[in-house]
2 protein chains.
Amino acid sequence: MSHQTEADRVLRSLGGACLEHDPDVLRSVLDRVGDKWSLILIGLLGKGPMRFTELLRTAPGISRRMLTLTLRGLERDGLVKRLIYPEIPPRVEYEVTPFGRSLSEPVLALTRWAADNQETIRTNRRAFDEAAGLDIDDLD
Amino acid sequence: MSHQTEADRVLRSLGGACLEHDPDVLRSVLDRVGDKWSLILIGLLGKGPMRFTELLRTAPGISRRMLTLTLRGLERDGLVKRLIYPEIPPRVEYEVTPFGRSLSEPVLALTRWAADNQETIRTNRRAFDEAAGLDIDDLD
DNA sequence: CTGTATCCTTCAGGATACTG
DNA sequence: CAGTATCCTGAAGGATACAG
């Protein structure tokens, strides 16, 4: 059984126009690109190559550890390239690969959705919470 | 300071063609729709309304607890509607709202990317791991 | 059947100290 | 500077028992 077969099955399961997905596929997506730091780094590096410490400063709240781990993961998947300049002091730059850029697009779509709709979500939540409050408080 | 302002800022930060994002935006996206179960449920419900137990059986590995929590979250955000039929035994169905469907699309894009490229990723990883193995084992 | 309330485990991820 | 190795905590999430 080649993975071709699986990829194929997966594609077929998506086939239609809507989300006719196999839940397993979604899982693999999220395990891959669904974590906060990966997306943020893909985004930041999309603007251009950056150095380790630079990323450490720029990404809001990332720890040294997570930066290393995430960059390694992205590199392993071929989404990011690591460029080592054997200088003193050592210098390393990271840049997204073309493959990495291809991921940026769907990510951007999702991001835009969130940006477009975060207002709506906020409103919905307020309404929901208010209703819930009344249900408890004001059940006549 | 209205949230309008923030949403606006967010949109502006996305503005361009590529991922010129504010990392904070991505964070909010992922907190919202980036978790495994939310996406899976949005996907499953995209096919049509389903009952609680039905979802429990269909979603692979979800616990009763997580199903409840996730559905509540989706309902709160207005992505899913809860339909209660006051029968005996009680019966509840969940269905995606139009708003929920608008989310399905970018999610689908991401899913398709993953389906299209999971083969590539697998290859990249194998290559990376092999190279790493050699570096350690075979450093002449 | 459709949940809610607890308990308990696991593990992602931060802080920190050390190395090349 | 660019990491790696270790420790430690909080929070996510499963299992389970109970309730409407």
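Just so it is clear: chains get the letters A, B, ... in the order the sequence lines come, proteins before strands, and each one is counted from 1.
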Side-chain donor-acceptor contacts of residues 79-88 of chain B below 3.5 Å, not counting sequence neighbours, with atom names and distances?
unit_1: B:R82; atom_1: NE; unit_2: B:Y94; atom_2: OH; d: 3.2

Q) What's the spacing between B:T68 OG1 and B:R72 CZ if we round to 0.5 Å? A) 6.5 Å
(Q) Run the salt bridge (charged side-chain N to carboxylate O under 4.0 Å, His left out) test against A:R57 and tell me which residues pass, sequence neighbours left out. (A) none
Q) Under the salt bridge (charged side-chain N to carboxylate O under 4.0 Å, His left out) test, which residues partner A:R51, sequence neighbours left out? A) none
Q: Report the nucleotide, chosen from C:dG3, C:dC1, C:dT2, that has the shortest atom-to-atom distance to any side-chain atom of B:P89.
A: C:dC1
Q: May I have the distance from B:L55 (atom CG) to C:dT2 (atom C1'), rounded to whole angstrom?
A: 12 Å
Q: With sequence neighbours left out, write down each residue that passes side chain to side chain contact (heavy atoms under 4.5 Å, CB included) with B:P49, or none if nothing qualifies.
A: B:E93, B:E95
**Q.** Pairwise salt bridge (charged side-chain N to carboxylate O under 4.0 Å, His left out) hits with a residue in residues 58-68 of chain B, at least two apart
**A.** none
Q: Apply salt bridge (charged side-chain N to carboxylate O under 4.0 Å, His left out) to B:R125 and list each qualifying residue two or more places apart in sequence or on a separate chain.
A: A:D77
Between the protein and nucleotides 8-13 of chain C, are there any N/O to N/O pairs under 3.5 Å, and if so, what are the atom names and distances?
unit_1: C:dG13; atom_1: N7; unit_2: A:R65; atom_2: NH2; d: 2.5

Q: Compute the angle between the rotation axes at the two ends of the helix from C:dC1-D:dG20 to C:dG20-D:dC1, each taken over five pairs, rounded to 10 degrees.
A: 40°
Q. DNA chain D: A:E54 or B:P90, which has the more 5' nearest nucleotide?
A. A:E54
**Q.** Qualifying residues under ring-ring contact (aromatic ring centres under 6.0 Å, His included), relative to A:F99, sequence neighbours excluded
**A.** B:W113
Q: Select base, sugar-phosphate, or nothing to describe what A:R51 touches, counting heavy atoms under 4.0 Å on all strands.
A: sugar-phosphate
Q) C:dC1 P sits how many Å from B:L71 CG, rounded? A) 16 Å
Q) Reckon A:Y94 touches a base, only the sugar-phosphate, or nothing at all at heavy-atom distances under 4.0 Å? A) sugar-phosphate
Side-chain donor-acceptor distances from residues 35-44 of chain B under 3.5 Å, at least two apart:
unit_1: B:D35; atom_1: OD1; unit_2: B:S38; atom_2: OG; d: 2.6
unit_1: B:D35; atom_1: OD2; unit_2: B:W37; atom_2: N; d: 3.4
unit_1: B:D35; atom_1: OD2; unit_2: B:S38; atom_2: N; d: 3.3
unit_1: B:D35; atom_1: OD2; unit_2: B:S38; atom_2: OG; d: 3.4

Q: Find the distance B:R64:CZ to C:dT2:C1' and express it as a whole number of Å.
A: 8 Å
(Q) Show every ring-ring contact (aromatic ring centres under 6.0 Å, His included) that has at least one partner inside residues 44-83 of chain B, sequence neighbours left out. (A) none
Q. Between A:L55 and A:M50, which heavy-atom pair has the shortest distance, and what is it?
A. CD2-SD, 3.7 Å
Q) Looking for any heavy atom pair under 4.0 Å, which part of the strands does A:T53 touch: base, sugar-phosphate only, or nothing? A) sugar-phosphate
**Q.** B:M50 CE to C:dG3 P, straight-line distance once rounded to whole Å
**A.** 14 Å
Q: Walk along DNA chain D from 5' to 3' and tell me the first and last nucleotide with an atom closer than 4.0 Å to a non-hydrogen atom of chain A.
A: D:dC1 to D:dT6
